[in-house]
Structure formats: structure tokens, C-alpha cells
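What you see below is based on every heavy atom in this structure, not just the backbone, and it leaves out hydrogens, waters and symmetry mates. Heads up: numbering here begins at 1 and tracks the sequence.
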Amino acid sequence: MATDRLDNIVTRPVKFGPVGHCIYCGTTDGKMTDEHIVPYGLAGNSLVLPASSCIPCAEITRDIENDVLRKQMIHIRTALNVKTRNKKDRLTEFKLHQSFSEDGTFEDAARQDATVQPKDFPWRFHALMMDQAGFLRGVPKFEPLPWKHWSIGPAPTNPTTEKRTVATYVGQINPYTFARFLAKIGHSYAYAYHGSAFAPMLLDLINGKTNGAFRYWIGGDLAVQPPQPGRLHHVSLQKVQRGGSTYLVSVIHLFRLLGTPVFHAVVGRLR
């Protein structure tokens, strides 16, 4: 992958008007904070919905974003030098845990730990690979549907010539939290363009009230898109007809320059 600096490559900026109430719970009480539709740590101030989240709801979405940005995406964000609120908090070194063996098997693998500079860390972008959301396939809400872990990144380097790398720890992903992350992006993006003109379907998922289930609302394309150099993220909306009603589906494509999957979030029914 090219190592171009991406400080200024963000989702195309859009200026939205202030909402004046919480897009998650509907309250008008108290201070309303600005909602970064694509989190600041991925796209800076490119998609901001002013005065649209109350303090309690902002704390919920903040925790979701922090978990994804600081655990699942910390290495890729550092490697690509994407936005951060406080550059003093950007990590200057990573803990690298690798296991090596003579024959490439786990039986005699020995673990080695090292501290490395970000440029030397074998980063990977972790995500999920999914087909259509259950709602779009007409399956019951809590019927289990498949998903797989998916990742992309350069092959890990081997510090020795006589041993083979059998495992490298390069971050973690919580599938449910990642689904809530996609749901938050999809819901807030739809609200920016349609306001309260749709009956939302993602609020329970965003609030973690679906007992770990997410595939009814969250899906994607099984075909990975080819790399798009210089392109970071893209969010859009589609209208889908189901049962005589029109539903909004948010299409979310992260880190397009790498060649990554596209995700879908079934946002809600147009009233």
C-alpha cells in the first residue's frame, strides 16, 4: 500500500443546519451537542450535524466510537495519519507480540514481544464480511445469520531468517460494537438528510438493547471493492421497497483506498 499522508483526505464536507433536539431519544431538554456522523477520528469535521445529541446519548455514542477507534482501528489510523482531536495523544510506539517457529506450526512456537515505531508496526484493518441484512432478506428479526472476520494489511515482517511467523497480534474487534458503530453512522446520516421523516429502526441496536444481535439490521456486500487511491470514506443512502413501504438503507464504505467491504445499515421506514 502506498504510504501517502492522508491528513487532508476526508469524507466530502457537508454543512448541515442545527437540529435542536436529540436524534436518538427525541428530547429537547438540556444542552445539545454536535454529532460527528463519521467520527472525528476518521474524517475530522467533514460531516457534522449541529445541536443533535443530548449529553446522555452523546456519552453512549462516544463510548461506541472510542472502543472502535482506539482498539479496532488504532493501528490503521496511525499508519494513515488520519485525524485525531489531540495529537499529543497519538501513540508514538506500539507493543508488538509475535510468535515464531521452525516449521511454521503452533506446537513449538515461541512468543517474542517488542516495542516498535508506528511505521514498523504490521497494521491491519479489521472488519466484518457479511451478506444482506436479515430485514432485506425477509428473515425473522433474531434469526442467526452468518458473518466472518475480515482484514487487510501488509504481511508481518520476520525479524529472523530461520523461523517463520505463525501469529501476530495487531488489534482486536468486537463484532457487536462494530455493528453499533455502523448503526450510529447510518442513523445520524439519514437524520441529517431526512430529519424525522422516517421511523427509526436502529435505536435499540445503538443503545445496546438487542442482546448481541445485529444482523437483522446490519449487512453488506460479500464482494470486496477494488482499492480507490486517495479515497478515504464514503456514506450514502438508498431507498428500498418492502411490503408496500419505502425504507432507507445507509451504505457505508470505510478506508476505500485499501480495497474494503461495503456495509449496509437498514435505517428505517419513510413515513
Do the two ring centres, one from F198 and one from Y247, sit under 6.0 Å apart?
no
Taking the side chain from D120 and the backbone from V116, do they hold a donor-acceptor pair closer than 3.5 Å?
no
Looking only at atom types and distance, does a side-chain atom of Q72 sit under 3.5 Å from a main-chain N or O of H126, one as donor and one as acceptor?
yes
Would you call the rings of H187 and Y191 parallel, tilted or perpendicular, where under 30° means parallel and over 60° means perpendicular?
tilted
Any side-chain heavy atom of V68 within less than 4.5 Å of one from M73?
yes
Taking all atoms of both residues into account, what is the closest heavy-atom pair of A58 and T61, and its distance?
O-OG1, 3.2 Å
Are Y24 and E35 close enough that a side-chain donor and a side-chain acceptor fall under 3.5 Å?
yes
Between K148 and D131, is there a side-chain N and carboxylate O pair less than 4.0 Å apart?
no
Taking only residues two or more places apart in sequence, or in another chain, which ones meet T115 in a side chain to side chain donor-acceptor pair (under 3.5 Å)?
K95
Side chain to side chain donor-acceptor pair (under 3.5 Å) against D113, all qualifying residues, sequence neighbours excluded
H97, R111
G41 backbone acceptor or donor facing R77 side chain under 3.5 Å
yes
Considering only NZ, NE, NH1 and NH2 on the basic side and carboxylate oxygens on the acidic side, decide whether E65 and K184 come within less than 4.0 Å.
yes
Got L80 and L257 here, is their nearest side-chain heavy-atom distance under 4.5 Å?
yes
Side chain to side chain donor-acceptor pair (under 3.5 Å) filter on S151, not counting sequence neighbours, yields R124
For the side chain of S250 and the backbone of A265, is there at least one donor-acceptor N/O pair under 3.5 Å apart?
no
Less than 4.5 Å apart, any side-chain heavy atom of L69 and any of I74?
no
Between R180 (side chain) and I64 (backbone), is there a donor-acceptor pair under 3.5 Å?
no
Which atom names give the shortest non-hydrogen contact between F142 and A213, and what distance separates them?
CD2-CB, 3.6 Å
Please verify the inter-ring angle class for Y176 with F214; under 30° counts as parallel, over 60° as perpendicular, anything in between as tilted.
tilted
